[in-house]
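Here is the structure we will look at, set down as structure tokens.
In what follows, chains carry the letters A, B, and so on, assigned in the order in which the sequence lines appear, proteins first and then strands, with residues in each chain numbered from 1. Any value given below was found using the heavy atoms of this structure, including those in side chains, with hydrogens, waters and symmetry copies removed.
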Protein chains: 2
Amino acid sequence: MPKVGMEPLRRRALIDATISAIGERGSLDVTMSEIAGRAGVSSALAHHYFGAKDELLLATMRHILAELTIDMRRALQSAGSPRERVSAVVAVNFSDIQFQPETIAAWLAFYVEAQKSSALRRLLRVYARRLHSNLMSGLTGILPRSEADRAAEATAAMIDGLYIRRALKDGVPDAATAIALVEDYLEIKLGGRQTQ
Amino acid sequence: MPKVGMEPLRRRALIDATISAIGERGSLDVTMSEIAGRAGVSSALAHHYFGAKDELLLATMRHILAELTIDMRRALQSAGSPRERVSAVVAVNFSDIQFQPETIAAWLAFYVEAQKSSALRRLLRVYARRLHSNLMSGLTGILPRSEADRAAEATAAMIDGLYIRRALKDGVPDAATAIALVEDYLEIKLGGRQTQ
DNA sequence: TTTTTTGTTGATTGACGGATCAATAAAAAA
DNA sequence: TTTTTTATTGATCCGTCAATCAACAAAAAA
């Protein structure tokens, strides 16, 4: 059956399988066999393409980040005013794809793993910085820089916090409620200001 | 060397060792031997007192929760007005003991593990509810109930979010900054209101 | 003193899982 | 056609670790 050009397909299938396996288990200790099985291949093949398990996990995280980046870019393009930019960033973080319990479980698991893996830690910092700067791209049009910075920090923290609470399946059930909470904060924080 | 009455001492030592081991590693996969070693006993003894590893982890989480409860009670007792109560709750969550990277790493790890262990999940829900109701004990004196509820939700989320960011060692370096962010939110949210 | 209870460990078992490797086969290149 | 490259797997090795157990020691009870 071996057809040439399988590599990219297999890599992608393995990454998808990794996401769903992690999402279902709620943690990173899924076996290579489990992942490979879901992707319809043997565990040996997973090792063949990714070397070690760490590499596969890292590649998976990169993939998730890349998708988020794409969504974010699209959302920001169709945002006009600074205020709209801020809301767009918030909305993307709570969009259907990002706010699913599975995806969130994966995020959480990666956060923990980042304590051990410096490569993963670096990746997550990239995400954190990007979220911050995306928020700033709107906020700096409304608040003076230092205040904008603090507002971005607070907003980011609130988003992360709502993610965690979602993972616990306690309180804050849906995306709409989550968005409302963040927007409420933004409204009272930015409401009075003119959009420069 | 065997002296009678060791059980409570050993249990406590093992729990302390568990916390520090988890804190250092940043995740729950520390071995029983590692924990037992830190406590100065053999792994067999850890099993003797706690049965399985799960039990030890659960007991450890219970211990952490219990300490937080004590701190919280003390802080709330010396708070007069509703507004002070809210600030007290915030302050406790960012107190030296609670806001150490080690403790936070442990929290995070337990959050992930909760996906697998229903007993742990139940415990964390208890914590979430308690935080919520502690916040409410102050907020209901300032805002109408439904608004207070939302404010408590937002505040709790922000606290959790700041915890995570601390674990990543990115942004929000110290407790003072974290408190300032939450207090800023509370101020603009509650500032205008009379304390009933 | 003898017996029982409490405390403790070294050694061992058994399972699981990451990683490796030799072997197979189709396709592409020579 | 022969050779090399690409795709793929079953079987296996090896390390780790939770859990168990038999055995020993000190104190308390009988």
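For the pair A:Leu45 CG and C:dT20 C1', the interatomic distance rounds to 14 Å; values are reported in whole Å. As a whole-Å value, the separation of A:Asp29 CG from D:dC17 P is 13 Å. Distance CD (B:Glu7) to C1' (C:dT8): 13 Å, rounded to an integer number of Å. If you take CD of A:Glu34 and C1' of C:dG18, they are 15 Å apart, rounded to a whole angstrom. Summarising the geometry, the separation between CE on B:Met32 and C1' on C:dT9 is reported as 14 Å, rounded to the nearest angstrom. Distance B:Ile35 CD1 to D:dA18 C1': 11 Å, rounded to the nearest Å. Rounding to whole angstrom units, NE2 of residue A:His48 and C1' of C:dA23 are separated by 14 Å. Rounding to whole angstrom units, CZ of residue B:Arg11 and P of C:dT6 are separated by 14 Å.
Picking from D:dG10, C:dG7, D:dT8 the nucleotide with the shortest atom distance to the side chain of A:Tyr49 gives D:dT8. Set against D:dA19, C:dG10, C:dG17, the side chain of B:His47 has D:dA19 as its closest nucleotide. Residue B:Val4 places its side chain closer to D:dA27 than to any other of C:dG17, D:dA27, D:dA18. Side chain of B:Met6, nearest nucleotide from C:dG7, D:dT9, D:dT20: C:dG7.
If you take CD1 on B:Ile15 and CZ on B:Arg62, they are separated by 9.5 Å, rounding to the nearest 0.5 Å. The line from CG of B:Leu190 to OH of B:Tyr185 is 7.5 Å long, rounded to the nearest 0.5 Å.
Below 30°, between 30° and 60°, or above 60°: for A:Tyr163 and A:Phe94 the angle between ring planes is between 30° and 60°, a tilted geometry.
In this structure, B:Ser42 reaches the bases: a heavy-atom distance under 4.0 Å links it to at least one base atom across the strands shown.
Using modelled atom types, one side-chain atom of B:Lys53 and one backbone atom of B:Val30 make a donor-acceptor pair closer than 3.5 Å.
The residue among A:Arg10 and B:Ala44 whose nearest nucleotide of DNA chain D lies closer to the 5′ end is A:Arg10.
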